[in-house]
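Below, read A as the first sequence line, B as the second, and so on, with proteins coming before strands; counting in each chain starts at 1. The structure presented is a predicted model; accordingly, all values stated were derived computationally and were not measured.
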There are 2 protein chains.
Amino acid sequence: MGNLADRIEVYLKRILEQSKDGYIILQRGVLAEEFSCAPSQINYVLNTRFSIDRGYLVESRRGGGGYLRIIRLEFGSEPDFPQLMKKLIGNNLSQTRAFNLLHRLREDEIITRREEEILRTILHRDSLGEENPQTNGLRANIMRRVLLTISREDLQ
Amino acid sequence: MGNLADRIEVYLKRILEQSKDGYIILQRGVLAEEFSCAPSQINYVLNTRFSIDRGYLVESRRGGGGYLRIIRLEFGSEPDFPQLMKKLIGNNLSQTRAFNLLHRLREDEIITRREEEILRTILHRDSLGEENPQTNGLRANIMRRVLLTISREDLQ
DNA sequence: GACTTTATGACCATCTTTGACCTTTAATTA
DNA sequence: TAATTAAAGGTCAAAGATGGTCATAAAGTC
């Protein structure tokens, strides 16, 4: 965790966890100031660590009184999360996006750490073959079917 | 044992021995610096001394804050695990044989029921494509990599 | 001397960090 | 109130920081 992006991620997740409403509001400039970094670094963290695939939504507003709002999307209670996931997966899934989705499933405790590692192994380029439309299609296919499996009643 | 590769190997194995989680994290550049050698020498050591056949997995990350993670596999004490795996799986694995193997792993309590179902889903024809030498090769590849993953000491 | 193992360096891939420039919105002013 | 200014946040490309690969040289071994 030596790098800045990771530290900012940890910090944001910590206060997000403490917030009771499932979201936090903050200012980009202030946060950048606290970490002594370029403001755009905050955007980098938001894009890579708080993406939709990872289960976060970021709203913002510019101008005076501008802000960032980071919202945690939990589907722990969502009964048809496979449906949502299906939308996220589509017919093409890159390794990066697949890993992000697994990250989210793990954070929501829908899969265990071991299951995440097993699935990462399988969805890795080294298993499926170099990244191209065909393997990305295969990856999407596998991911969709896995979600159906883990949402089976008898496996809860 | 006077050569560099051997000395690096001994060093890494010593700290790996002391680690309680079965893995260590370090930086390639730093290690190379400590041994006053080319960074690629570290890769040489990892490839020749910390290969899968010898019971290790190596993960890495590039860019700022990058690192190497060397993970010990459980079968470290079982020296012919790779041999066994070759015999069981080989370069071609039909769906039927894969399912039988999963069943055995489940009976031996090496994987959970849920893990078995997930893996069945993935190794099914409907995921990988109709049975042919190519998909059977892919299935074998996946199976092999999954077995290695669940042998990771940090996942026990 | 031929073969194998070890070591290096040039070049590549990926992830992070920064800075210059842009857009949007609120506050102020004429 | 329309125009202007100030105060946010957004984008993107380039530079920086790692680790990976591969051909080749150097060193050992038989």
Side-chain angles (χ1 to χ4, degrees), chain A residues 1-12 23-54 56-71 94-100 103 120 123-126 129-132 135-136, chain B residues 1-13 23-54 56-71:
Chain A
M1 286 299 177
N3 73 32
L4 189 49
D6 286 341
R7 279 187 288 124
I8 295 174
E9 174 188 6
V10 166
Y11 169 74
L12 290 176
Y23 70 82
I24 54 176
I25 289 180
L26 50 96
Q27 289 200 291
R28 188 181 75 152
V30 173
L31 189 58
E33 189 67 36
E34 279 168 16
F35 282 91
S36 309
C37 66
S40 54
Q41 175 72 0
I42 306 303
N43 296 84
Y44 176 71
V45 173
L46 294 178
N47 289 329
T48 56
R49 318 295 214 264
F50 294 87
S51 63
I52 283 280
D53 288 340
R54 286 196 178 204
Y56 298 88
L57 204 62
V58 178
E59 294 174 354
S60 68
R61 180 122 193 213
R62 305 183 189 191
Y67 60 85
L68 294 171
R69 181 156 172 255
I70 306 174
I71 306 160
S94 69
Q95 177 183 289
T96 304
R97 291 200 52 223
F99 284 12
N100 281 335
H103 189 270
R120 279 177 73 98
L123 297 171
H124 196 285
R125 289 188 196 97
D126 293 350
E130 67 172 275
E131 210 113 352
N132 63 42
T135 49
N136 285 348
Chain B
M1 283 299 173
N3 76 38
L4 189 49
D6 287 339
R7 280 188 288 125
I8 295 174
E9 175 187 7
V10 166
Y11 170 75
L12 290 176
K13 288 200 168 151
Y23 70 86
I24 54 175
I25 289 179
L26 50 95
Q27 289 199 292
R28 188 181 75 151
V30 172
L31 190 58
E33 188 69 35
E34 278 168 20
F35 282 90
S36 309
C37 65
S40 54
Q41 176 70 1
I42 306 303
N43 295 84
Y44 176 71
V45 173
L46 294 178
N47 290 329
T48 56
R49 319 296 214 268
F50 294 85
S51 63
I52 287 171
D53 287 358
R54 294 182 180 223
Y56 300 90
L57 277 182
V58 179
E59 290 177 352
S60 68
R61 188 159 154 197
R62 304 181 189 191
Y67 59 82
L68 294 171
R69 180 154 172 257
I70 306 173
I71 309 163

Residue closer to the 5' end of DNA chain D, B:V30 versus A:L26 (nearest nucleotide): A:L26
A:R54 backbone acceptor or donor facing A:R49 side chain under 3.5 Å: no
Pairing residues for A:N47 by the side-chain contact (heavy atoms from CB on, under 4.5 Å) criterion, not counting sequence neighbours: A:N43
Distance-only, no hydrogens or angles: does the A:Q95 side chain make a donor-acceptor pair with backbone N or O of A:R125 under 3.5 Å? yes
How many Å lie between CG on B:L46 and C1' on C:dA7, as a whole number? 15 Å
To the nearest Å, how far apart are A:R28 CZ and C:dT24 P? 15 Å
Mind calculating the distance between CG (A:N47) and P (C:dT16) to the nearest angstrom? 12 Å
Pairwise side-chain contact, A:R7 with A:F35, heavy-atom cut-off 4.5 Å (strictly under): yes
Any side-chain N or O of A:S60 less than 4.0 Å from the OP1 or OP2 oxygen of D:dG10? yes
With the criterion being N/O to N/O and under 3.5 Å, what pairs connect the protein with nucleotides 2-5 of chain D, and how long is each?
none

State whether B:R49 places a side-chain N or O below 4.0 Å from either non-bridging phosphate oxygen (OP1 or OP2) of C:dT6. yes
Which atom names give the shortest non-hydrogen contact between A:Y56 and A:F50, and what distance separates them? CB-O, 3.4 Å
Give the rounded distance in Å between these two atoms: CG of B:N43 and C1' of D:dT18. 12 Å
In whole angstrom, give the distance that lies between atom CZ of A:F50 and atom P of D:dG9. 16 Å
Given atom CD1 of A:I25 and atom P of D:dG9, what is their separation to the nearest angstrom? 12 Å
Output all residues satisfying side-chain contact (heavy atoms from CB on, under 4.5 Å) with A:V30, sequence neighbours left out; order by chain, then residue number. A:Q27, A:E34
Pairwise N/O distances under 3.5 Å, protein to nucleotides 17-22 of chain C:
residue : atom : partner : partner atom : Å
C:dT17  : OP1  : A:L4    : N            : 2.8
C:dT17  : OP2  : A:A5    : N            : 2.7
C:dT17  : OP2  : A:Q41   : NE2          : 2.7
C:dG19  : N7   : A:S40   : OG           : 3.3
C:dG19  : O6   : A:S40   : OG           : 2.6

Check side-chain contact (heavy atoms from CB on, under 4.5 Å) between A:R62 and all other residues, then give those that pass, not counting sequence neighbours. none
Roughly, in whole Å, what's the span from CD in A:Q27 to P in C:dA26? 13 Å
To the nearest Å, give me how far apart CG (A:D126) and P (D:dG20) are. 12 Å
Determine the minimum heavy-atom distance between A:A98 and A:L123, stating which atoms define it. CB-CD1, 4.2 Å
Please list, chain by chain and in numerical order, all residues satisfying side-chain contact (heavy atoms from CB on, under 4.5 Å) with B:S60, sequence neighbours excluded. B:L68
Looking for any heavy atom pair under 4.0 Å, which part of the strands does A:G66 touch: base, sugar-phosphate only, or nothing? sugar-phosphate
Testing D:dG20, D:dG10, C:dT14 for proximity to the side chain of A:R125, the answer is C:dT14
